[in-house]
Structure formats: C-alpha cells, structure tokens
Amino acid sequence: MSDVSYSVPTLAELASKGETPEVLFWVGCAGSFDERYKRVTKAFVKILNTVNVKFAVLGTEETCTGDPARRAGNEFLFQMQAMSNIQVLNGYGVKKVVTACPHCFNTIKNEYPELGGTYEVIHHSTFLQTLIGEGRITLKEGGSFKGKKITYHDSCYLGRANNVYEAPRAVLEALDADLVEMKRCRTTGLCCGAGGGQMFKEPEKGTKDINVERTEEALATGATTIAVACPFCMTMMSDGVKNKEREADVQVKDLAELIAEAQGLS
Amino acid sequence: MIQQILFVITLGIAGYFIRKRFLAIRANINLGKAKEIKDHANVRLRNMLLVAFGQKKMFKRFIPAFLHFFIYIGFLIINLEVLEFVIDGVAGTHRIFAPILGNLYPVLMNLFEFLAMAVLLACAIMLIRRNVLKIKRFWSAEMTAWPRLDANLILTTEIVLMMAIFTMNAADRVLQGQLPEHYHNTGTLFFSSYLVPLLVNTDTTVLIVLERVAWWFHIIGILGFAVYVTYSKHLHIFLAFPNTYFANVEAKGHIQNMPVVTNEVKMMLGLAEAPAATTPPAEPGRFGAKDVNDLAWNNLLAAYSCTECGRCTSECPANLTGKKLSPRKIMMDTRDRMEEVGKSLQAGGPGLGDGKTLLGNYITKEEINACTSCNACVEACPVMINPLEIILELKRYVAMEESGSPPSWNAMFQNIETSFAPWKFSPSDRFNWANELKK
C-alpha cells in the first residue's frame, strides 16, 4: 500500500493557509517515537484520511504532556510541560483534541483546565466508535475477524480513571469478532503494570511481574488477539506474550490497527 | 432508685470517655492541612446516601456485603431498643414503650429478635471467614496481632451482646407470668421462647436478678463498645458518612493541583509578574508530604474511616505480584502515626518533632514507588477512601524536596526537560513517523 499517499498536515501549515482543522490529533511521545506504537499512529492517520476527517497534528511543536513527571511526584516539571503545551494549543485556538494515548487523554482532559487549557478531549476509541456509529466507517459483516476470539484489556487511565469502558468494546463488536472478557475487566480490570511512571523504571522486588500476571489472564480466555487502547499497555502486554512464548499465535493490537486492517488499509 | 443513680453515673462515665476520644480524634485530624471542601454539595450528599447509608459499593462482593448488611441493619434498628433502655434506666421504668405501643410492641420485639439472630449468625460466619477459612486479605503482612485481635473482639462482643438480649427477653417472659403488674406482656418472642423452658422452674428472685444482669450487661456492653470503637478500626460505622461526603468527586484520573507550583512556573515562563522585591516571599511550606501534618485533613479523616477490610490491597496489582505496597497499610500507617503524634502532644511531648515521620518510619519509598496509580484501590474501597492521594503526596516530597526518586525516574525527568519526551530522542525527530505516509 506504500504507493498510496496520505496527508498529515500540521497546525502550523493550516494556520499559514488560514485554515482550522476539525480536530487536533495529539500523537503523544509513544505514538511519535516508540517503534511499535508508531504503527498505531499511522493506522489512525490512515483512517482519518479515508473518512475525510479534517485533522492536523502539532508535529515537532508537540511535547510530553507531563503525565509521567506528575505521577512520579515532579510537579514542577509537569506544570512546566503543561503550561508550555497550553500556550501552544491556545495559540492555535484548538477546541477539540483526539489522542490514542489514555495518559495524554486524561492529563489534557482533566488536568489542563485548571492551568488554563480547556478543550474537548476525546480518546481514539470513542472517536472510532462515533465514526462507526455515524456510518463513516463501514465494516462489512463476516469480515476477516468473524468468529475470531478477541479479548480487550482495559487501560486504567481510560477505564477507572475516566469511565470509558464501552467505547473500545463497541469498536471491537463492530468487527464482528467474538469478544471474550477476562476474569478481571472493566472496573476491576488489572493494570498492565506501566501506569504512574512505572513504564520508565524497573519494578520493585516482588514475586511476579504485573504484565505477566495480566497476560496469563488474557491467554486464559483463549483469545488469539489481545486488543489494547494504550501505548503502555501495548508494550506491557506484548512483553507478556513474549514472556509466555506465545507471540507466534497471539497478537497484541490496538483498536485503530484492527479497524485499519478490517478496512484493508494496513 | 439506686439503679437509676448507677445508670446515670454509667452513662456519664461512658459520655466522658467518648467525648475525650472524640476531641482527641478531631485534634488529630486537624493536624492535617486546611482544605476547603464546599463544592458539589449535591454530588457529595448523593455519595453519602448511596455509598455510606445505602452501602452501594459493598455489593461488589456479594457474600461479605450480605453478612455486613445484616449487622448494619441490626445496628440501626436495634438501637431503637437502646433508646428504650436509656429511658428505662434513667426513669426507673421497665419497658416504657410497651404500654404506649400496645400491640405493636410485641411485633417490634420479635423483629428485633430476628435481627439479633441475623447479627449473631453473620458475626459467627465472619469469625469463621477470618479465623478458620483464613481468607487471604485478612492475613496479609500488615494484619499483625492487634488488627486481627481488634476484628475478633468486635465480632465476639457483638455476638455476646445479642445473646444478652435473648437471655433478658426469656427471663422477662417468665417473669411476666409471675409478676404481671411489673412485667408487661410482650407476647411470645420467637427466639428467646426457646430459652423459656430452661427458666420456667427458676425462683422468681433469681429470675429478677438474671433479667437485671442481662439488662445491665447489655447496656454496659453497648456503652463500653461505644468507647472501644473510638480506639478501633470499627470507627467506620460513624466516619464512613463524613468520609464519603468529603471524598474526591473529580474523575479518578485527576490529580490535585499544586497552586504554589503554578505561581512559580508562571513566573519562570514570564506569564505572571514576580512579586515586588519589597514584599517578603510567602513561606512555601513543604512540597508534598513527609509526615501527617503535610497531608490534607480529609486524608486523615479517611485514615480513621478505614476498617481494614483489605479490598483495596486484594485488588492492588503491585500487592498481587508480591511487592511491598499495600494500600490498606498506607491508611493504617497514617492513622497509627496520627495517634502517636496525638498521644505525644497530649502528654506534653514533642508531637511531630519526635524525630519520626510517616515517610521513613512507617511507609518506605519501596512501597510508594511500586504504585501504578491504577486506581484499583480507590475503586475497591466501600467507603471511598483514596490511598492514592497519600501515596502521591509522599512521592511529591521525595521528588521535589529530596530529589530522591529512583535513578531511572530522574533520568526520565531529565529527558522530558531536555528532549521534551520521557525517552531520550531528539525533539526534531518527533514528526519523522509521518515521512513514510506522506511520500
């Protein structure tokens, strides 16, 4: 598909033409730099292009939201990041933000307003659900996922932190797949182990790694696809699957990748 | 008459001790930072009604919720009978409500007996769950001898108190036949009627004494228990109400802002004027929390509201995988430290200046560093306690006052400062992912 070209306009480019996008796609650090999650970013951009959503990204003007710093206790660093991001966002007059990272989603949605940045913030799972609901994304029945067992791993920052439990499931159901739940799901979903800055350090001494515990639960459902909606969950669950030596028959995929795949965009 | 005087004295003694403890606990909670909580009154009231009064969050686990519900309802309703006890005790009457309520009285007494039996059975099953089945959350590391004994004492006391009700009612029932002018007819009472045959042939004087002993035992038991509760984890029966009212009403993912930092950051970014050099800089206080006085008062209230059920710890991903962190221990430690400081101050001691601190002497960095901030503990708590808020304040102290975060976190901080991402990538490469799409 490399012959197809997609547009990825930046806010700066649009602003120079006097245009404003419908929505800003906040890519996030993992979406920009992590080899694995860059594939999710690209899948989402392809979907946005295909359904003609007028979007833009910040490109090199985007910086870390400050989430890991705040959760690790460094409030100064968090607020430095937050305020400079807010200056940029307000400078462009951004109203609506979509992101594929629940951590960025939570921070911009819940923590930027009291620092002067108020936007409508949507996670890509909700965004995809809306596109499906509006008929802008159509998935044919009996597609390549029909009957395939998929389990969804709740991201803490989407679920418990923001009560987004159903949107990701609705997206998966649209794939006509066989959605199976883990023992601990929704409000009692088990963390992948990466939240609260844990992504950036080794775990404390214990008897087991959290991601291995969670992966075992996911594998116990018999699913061949573990669906995730967060870059950190993606890393942790992929590592867990490798730890269990199941990478040959079990894949860890983001919702956007699954939709892009079903649409033949990958 | 002697009984009346003794009763008033007993009430007075219990009142004295309860008041003393009430003041001590209030003083301990006031060790915390002032914080005005006046927003969202409707949401807060709703939380209190649904979660504390209505026990909504208990029912996530059905068996304990079911057992707890009987004890809770029993407590609420049997206390109506205690009202009669107190009036009788002061006025020297006997079952003062019987003639007033007429035919309703035996119905109520029967209802109380059914509730008393339900409480008794529920407590017995809970004792079995703790001590025979040894359910894991009642035996984790922080459940040392005292917390386990505390729980068993509470359950045993409740069983004994309920047995006193049955004994009293049975003796009373027999006396109703022998001295009808003093002992009002209560009709047959369902459970105590099984005890009646054991007492029928007993001497009247012995019966009178037995009834009085049971009565006094029950009321002293209740008053004694009320004093004990103020020293025990059982305080949740009262504090669950204010705690659910003052609990966080924001999205769980939201972390409380630090306005002090906001001001400084605004000045650094040139977004706000620096205060004139003539005004002395405001005392910024400590960043984050090292000891209980650095925490907000509602976090301290939460620590007193914790009944150590351990639902938080049994859902904590760090604890489940063998790390030292236990959200329940965070709350227990906070409470223990408050009590220690409070006792020291009462005795004219150094209080907070005793050389000990919450972080270090009670809670270690290893514990707080293991938190994934996943909110599982917050979600699990039946009375809306938030251990995460305390953990975060301790982390803030370590990061901002000590620069003592784990080295890899310090490296992450540095990456954000220099590369604007938690990983060490060049900021100019941030948009490279799009190159492949755009060609």
Side-chain angles (χ1 to χ4, degrees), chain A residues 2 5-8 10 29 31-33 38 41-42 45-46 57 59-60 62-64 66 68-77 79-81 83-84 106 110-111 114-115 156-157 160-163 187-188 190-191 193-198 200-210 213, chain B residues 250-255 257-258 261-262 264-266 268-269 271 287-288 315 317-318 320-325 366 369-376 378-379 392 395-400 405-406 408-409 411-413 416-417 420-423 425 427-431 433-434 436-439:
Chain A
S2 55
S5 174
Y6 296 93
S7 82
V8 197
T10 61
C29 299
S32 304
F33 293 117
K38 278 199 261 183
T41 306
K42 287 183 229 170
V45 164
K46 286 177 187 173
V57 296
T60 51
E62 190 185 286
T63 71
C64 174
R70 181 170 241 197
R71 268 129 196 104
N74 195 334
E75 184 72 8
F76 272 102
L77 186 52
Q79 293 206 14
M80 288 292 285
Q81 288 304 117
M83 295 234 227
S84 20
N106 176 67
N110 295 320
E111 298 177 354
E114 57 199 335
L115 298 172
C156 306
Y157 275 75
R160 276 187 295 268
N162 288 292
N163 291 315
T187 56
T188 54
L190 185 75
C191 175
Q198 298 298 330
F200 306 100
K201 70 181 235 318
E202 287 303 309
E204 314 332 290
K205 205 163 82 38
T207 49
K208 197 177 192 178
D209 282 336
I210 297 171
E213 171 84 13
Chain B
E250 309 265 353
K252 286 196 188 72
H254 174 261
I255 279 181
N257 192 36
M258 289 180 73
V261 173
T262 310
E264 288 203 28
V265 170
K266 275 189 177 161
M268 283 161 79
L269 294 173
L271 296 170
F287 290 122
E315 300 272 342
L320 281 169
T321 54
K323 278 81 175 175
K324 278 207 177 121
L325 174 66
E366 184 181 343
N369 287 344
C371 173
T372 69
S373 72
C374 75
N375 270 301
V378 181
E379 180 71 40
L392 181 80
K395 276 184 180 171
R396 281 177 167 171
Y397 176 81
V398 175
M400 292 189 280
S405 301
S408 32
W409 271 355
M412 177 260 286
F413 296 154
I416 294 179
E417 273 167 37
F420 311 115
W423 297 284
F425 288 106
S428 55
D429 291 342
R430 188 177 270 273
F431 198 29
W433 60 267
E436 189 190 316
L437 289 172
K438 286 196 285 191
K439 68 181 122 183

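In the text below, chain A, chain B and the rest are named by the order of the sequence lines, each starting its count at 1. Quick caveat, the model's predicted, so the values are computed rather than measured.
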Looking at [options], which has the largest count of heavy-atom pairs under 4.5 Å with chain A?
options	result
B:Ala421, B:Pro422, B:Ser428	B:Pro422
B:Ala318, B:Ser405, B:Cys371	B:Cys371
B:Glu250, B:Glu417, B:Lys395, B:Lys266	B:Lys395
B:Val265, B:Asn257, B:Leu392, B:Leu271	B:Asn257
B:Leu325, B:Asn369, B:Leu320	B:Asn369

Donor-acceptor contact present, side-chain B:Thr321 to main-chain A:Thr207, <3.5 Å: no
Check: B:Lys252 main-chain N/O paired with B:Asn375 side-chain donor or acceptor under 3.5 Å: yes
Is B:Val261 close to chain A through its backbone or its side chain, or both, or neither, when contacts mean heavy atoms under 4.5 Å? both
So what's closer than 4.5 Å to chain A heavy atoms on B:Met412: side chain, backbone, both or neither? side chain
B:Ala251: which residues meet the side-chain contact (heavy atoms from CB on, under 4.5 Å) condition with it, sequence neighbours left out? A:Asn110, A:Asn162
Applying side-chain contact (heavy atoms from CB on, under 4.5 Å), can you list everything that pairs with A:Lys42, at least two apart in sequence or on another chain? A:Lys38, B:Trp433, B:Glu436, B:Leu437
Pick from A:Lys208, A:Lys205, A:Glu111, A:Glu204 with the largest number of heavy-atom pairs that fall under 4.5 Å of chain B: A:Glu204
